[in-house]
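These numbers come from the heavy atoms of this one structure, side chains and all, not from hydrogens, waters or symmetry mates. One-based numbering along the sequence shown.
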Amino acid sequence: MPHDIMLPFYGRPDHLRIAVASVLAQTDPDWRLVVIDDHYPDESAWTWLQGLDDPRVHVRRHTSNRGINATFQECVERSSAEWVTIFGCDDVMDPRYLEGVRRLVRTNPGATMVHPSTRIIDGDGNEVRTLVDSAKAWYRPHGRGVHVLTGEELAVSVTRGNWMNFPAVAWRGEELRAVGFRPNLNVVQDLALVVDLCEAGGSLAVEIADPTFSYRRHAASVSSWRAVDGSRFAEEQAFFRALAERFGRRGWRRAARAARWHVSSRVNAASQLPRALKARDLSGARVLTRHLGGLTLRG
């Protein structure tokens, strides 16, 4: 059965074309690509998508902007395959990405999620390593090979620092569609999905090997601009507080402690504070310092 690659689009048309081209270049041809244009103002991407001559590619455009959470959930609901990737519109699959995913699925038949190795690239496609990604690498399982995480071990791993590169993950379709994305989350919806699947008994197989996926981190991304104005951290603070209580009720003490500290998230806030101050965004800076547990700025 074809692997579903669901691609929500709202971003740079040139990045979208690169992302779609990387799907068309897969060595494993058994896939279906569904692109959902969330009414991006520049219609050039939509026009280009309609001109693609490949029966495996399906495109639709919203009549109005619905937002990231609703579009992600639509990707879930429109998927039908046994395995699904919710691909980033600015990310890049290596030609053997899907081939590698299928191998991980075959060798880890009980997994709910499989995560191939990734590299980080900037807006121009150059490989980079940011402070945030260095922190995330610390929390990612170490040592080459495949690591399988489940239960509290998985909860602790992703809550200490959400090291997963969400668009690279392949999800078992049945479980993905049964859980879906929590409503009203625009930043941590990916982590919430992983936690929900974890609590439902799901497991993650992550491979540490040569990368087969390029995750793009750049200033124009939703997570980046929300980081500068501090709004992502307000959402994260509320989420981690609720998560600590939830883990505590389950008796997952280590996971509850990790949620209370959310160290990687605090490191990210610290890295964004100088940008907020430089932009004289005192409101955003206040949110960032509250997230850090530091002093209150006065403006």
Review point. Judged by atom type as modelled, is there a donor-acceptor pair below 3.5 Å linking the side chain of Gln73 to the main-chain atoms of Phe181?
Key: yes

Point to revise | Pair Glu74-Arg60, salt bridge (charged side-chain N to carboxylate O under 4.0 Å, His left out): steps then yes or no | key: CA-CA 11 Å; Glu74 183 180 352; Arg60 59 180 283 106; 2.9 Å; yes

Check your understanding: Where the side chain of Asn108 meets the backbone of Ala205, is there a donor-acceptor pair that is under 3.5 Å apart?
Key -> no

Exercise for review: Please round to the nearest 0.5 Å and tell me the distance separating atom CD of Glu174 and atom OG of Ser80.
Suggested key: 13.0 Å

Review point. Yes or no on side-chain contact (heavy atoms from CB on, under 4.5 Å) for Arg32 and Arg56, after CA distance, side-chain angles and deciding distance?
Key: CA-CA 5 Å; Arg32 179 179 74 127; Arg56 298 170 298 177; 5.5 Å; no

**Study point:** salt bridge (Lys or Arg N to Asp or Glu O under 4.0 Å) against Asp14, all qualifying residues, sequence neighbours excluded
**Key:** Arg12

Practice item. Can you measure from CG (Leu154) to CD (Glu199) and round to the nearest 0.5 angstrom? Key: 10.0 Å

Practice item. Find the distance between CG (Asp94) and CG (Asp210) and round it off to the nearest 0.5 Å. Key: 10.0 Å

Check your understanding: With distance as the sole test, does Asn165 use its side chain to make a donor-acceptor pair with the main-chain N or O of Ala168 at under 3.5 Å?
Key -> no

Check your understanding: Does any N or O in the side chain of His15 come within less than 3.5 Å of the main-chain N or O of Arg216, such that one atom is a donor and the other an acceptor?
Key -> no

Check your understanding: Is the closest side-chain heavy-atom distance between Val20 and Leu33 below 4.5 Å?
Key -> yes

Review point. Rounded to the nearest 0.5 Å, how far does CG of Leu185 lie from CD of Glu236?
Key: 11.0 Å

Review point. For Val59 and Ile36, what are the C-alpha separation, side-chain angles and deciding distance, and is it a side-chain contact (heavy atoms from CB on, under 4.5 Å)?
Key: CA-CA 6 Å; Val59 299; Ile36 301 176; over 6 Å; no

**Study point:** salt bridge (charged side-chain N to carboxylate O under 4.0 Å, His left out) between Glu207 and Arg144, intermediate numbers included
**Key:** CA-CA 7 Å; Glu207 184 175 45; Arg144 290 180 70 89; over 6 Å; no

Check your understanding: Do Arg17 and Trp48 come within less than 4.5 Å of each other through their side chains, counting heavy atoms only?
Key -> yes

Review point. So, do Trp163 and His115 have ring centers that fall under 6.0 Å from each other?
Key: yes

**Study point:** Full working for side chain to side chain donor-acceptor pair (under 3.5 Å) between Arg119 and Ser214
**Key:** CA-CA 5 Å; Arg119 67 176 64 84; Ser214 296; 3.0 Å; yes

Practice item. Mind running side-chain contact (heavy atoms from CB on, under 4.5 Å) on Phe240 and Arg260 for me, showing each step along the way? Key: CA-CA 6 Å; Phe240 284 121; Arg260 283 193 297 270; over 6 Å; no

Check your understanding: Measuring from Leu204:CG to Leu149:CG, what's the distance to the nearest 0.5 Å?
Key -> 5.5 Å

Check your understanding: How about Phe87 and Phe213: are their ring centroids closer than 6.0 Å?
Key -> yes

Review point. Can you check whether Cys198 reaches Thr150 side chain to side chain, under 4.5 Å on heavy atoms?
Key: no

Review point. Under 3.5 Å, side chain of Glu99 to main-chain N/O of Thr27, donor-acceptor pair present?
Key: no

Point to revise | Exam field: side chain His39 to backbone His62, donor-acceptor pair closer than 3.5 Å | key: yes

Review point. Passes side-chain contact (heavy atoms from CB on, under 4.5 Å), Arg250 versus Glu152? Steps please.
Key: CA-CA 10 Å; Arg250 293 184 67 93; Glu152 186 176 12; over 6 Å; no

**Study point:** Parallel, tilted or perpendicular: ring planes of Trp252 versus Phe247, cut at 30 and 60 degrees
**Key:** tilted

Review point. Can Trp46 and Gln50 be counted as having a side-chain donor-acceptor contact under 3.5 angstrom?
Key: yes

Exercise for review: Could you check whether the rings of Tyr40 and Tyr10 sit parallel, tilted or perpendicular, using 30° and 60° as the cut-offs?
Suggested key: perpendicular

Point to revise | Val188 backbone acceptor or donor facing Glu235 side chain under 3.5 Å | key: yes

Practice item. Starting from the C-alpha separation in whole Å, work towards a yes-or-no answer on side chain to side chain donor-acceptor pair (under 3.5 Å) for Asn65 and Asp38. Key: CA-CA 5 Å; Asn65 181 258; Asp38 192 24; 2.8 Å; yes

Point to revise | salt bridge (Lys or Arg N to Asp or Glu O under 4.0 Å) contacts touching residues 177-192 (sequence neighbours left out) | key: Arg182-Asp196

**Study point:** Check: Arg102 main-chain N/O paired with His3 side-chain donor or acceptor under 3.5 Å
**Key:** no

Revision key, fill the gap. Only one of Thr85, Thr118, Asp28, Thr212 passes side chain to side chain donor-acceptor pair (under 3.5 Å) with Tyr97, and that residue is Thr85

Check your understanding: Is a donor on one side and an acceptor on the other found under 3.5 Å between the side chain of Ser22 and the backbone of Met93?
Key -> yes

**Study point:** Single-linkage hydrophobic cluster, 4.5 Å side-chain cutoff, Leu191 and Val76 together
**Key:** yes

**Study point:** Heavy-atom check, side chain of Ile120 versus side chain of Arg129, under 4.5 Å
**Key:** no

**Study point:** Expected output: side-chain Gln26 to main-chain Leu98 donor-acceptor under 3.5 Å
**Key:** yes

Point to revise | Single-linkage hydrophobic cluster Leu104~Ile5, side-chain heavy atoms < 4.5 angstrom | key: yes

Practice item. Look up atom OG in Ser79 and atom CG in Asp4, then write down how far apart they are to the nearest 0.5 Å. Key: 5.5 Å

**Study point:** Qualifying residues under salt bridge (Lys or Arg N to Asp or Glu O under 4.0 Å), relative to Arg254, sequence neighbours excluded
**Key:** none

